[in-house]
J.: 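Dropping the structure in here first, questions after.
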Amino acid sequence: MYDGAKTWVRIVGGDSEYFLVVMGLRQGSALSSFLFALMMGVLTHHIQGDVLWCMLFTDDIVLIDESQSDFNERLEVLRHALESKDFKMSKTKMEYLECKFSTEPGEVGVDVRLDSQVIPSRGSFKYHSSVIQGGGEIDEDVTYRIGVGWIKWSFHNI
C-alpha cells in the first residue's frame with residue numbers, strides 16, 4: 001500500500017529533502033486502528049478460549065485468567081507472539097488489577113511477572129467512564145460519576 005512512499009519534514013530553516021518511508025503506517029491514517037486490531041486479533045487468537053480471555057481496546061490489552069500462575073503463562077505466550085512479529089510490550093506502562101469475585105483465598109507468593117520484572121498491582125482501573133475496583137465495589141465509580149454530574153451541572157448554570 002505504501003510501497004515507495006516518500007515524505008519530508010518541515011524544520012526551522014525550511015523543508016528537508018524528500019526521503020523514503022521504509023516501515024509502518026502513516027500516523028493518523030484511517031486504516032491504522034483497523035489494521036492494528038486485525039493484526040492483534042490474529043496474534044492473540046490462539047490464547048482465546050470459549051470465554052473472552054483476551055480483549056483488545058485500541059492499544060490496550062486486557063488478559064483474564066482465574067489464577068496468577070495461569071495468568072503469567074498466558075502473559076508469556078502473548079509476549080512471545082508479539083515479539084515474534086517485532087512488537088514489544090512496555091514493561092514500564094504495564095499494570096494489573098486482581099478482581100476477587102469469590103471468598104476463596106487467592107494464590108500466596110505468586111507475583112505477576114513479565115520476564116523477570118514484577119508487574120505492579122492496582123486497586124482500581126479507569127477505562128473511559130467506568131471505574132473497576134478489584135474487590136467488586138462500586139464506590140470509586142459512583143464518586144466519579146457524581147463528580148462528572150456536578151461539573152456538567154455547574155457548567156450549564158454559569
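For clarity, every value in this text was computed on a predicted model and none was experimentally measured.
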J.: Between D141 and R145, is the closest basic N to carboxylate O distance under 4.0 Å?
T.: yes

J.: Same cluster or not: are L82 and M94 linked, directly or through other Ile, Leu, Val, Met, Phe, Trp or Tyr residues, by side-chain heavy atoms under 4.5 angstrom apart?
T.: yes

J.: Could you measure the distance from the CD atom of Q117 to the OG1 atom of T92? Nearest 0.5 Å is fine.
T.: 7.5 Å

J.: Testing the basics here: between R10 and D15, what is the closest heavy-atom pair and its distance to 0.1 Å?
T.: NE-OD1, 3.2 Å

J.: Let me confirm one number: the NZ-CG distance from K6 to L20, rounded to the nearest 0.5 Å.
T.: 6.0 Å

J.: Which heavy atom of L114 sits nearest a heavy atom of L75, and at what distance?
T.: CD1-CG, 3.9 Å

J.: Could you list the cluster mates of F19? Members are the ILVMFWY residues connected by side-chain heavy atoms closer than 4.5 Å, either directly or through other members.
T.: V9, I11

J.: Which heavy atom of Y96 sits nearest a heavy atom of I119, and at what distance?
T.: CE2-O, 3.3 Å

J.: Working note: V118 + V112, criterion side-chain contact (heavy atoms from CB on, under 4.5 Å); need CA distance, chi angles, decisive distance, verdict.
T.: CA-CA 6 Å; V118 175; V112 173; over 6 Å; no

J.: Find out if a path of hydrophobic residues (ILVMFWY) with successive side-chain heavy-atom gaps under 4.5 Å connects M39 to L78.
T.: yes

J.: How far does CE of M89 sit from NE2 of H80, to the nearest 0.5 angstrom?
T.: 11.0 Å

J.: State whether the number of non-hydrogen atoms from other residues, nucleotides or ligands found under 6.0 Å of L38 atom CG is greater than 12.
T.: yes

J.: Shortest non-hydrogen contact from S124 to E140?
T.: OG-OE1, 2.9 Å

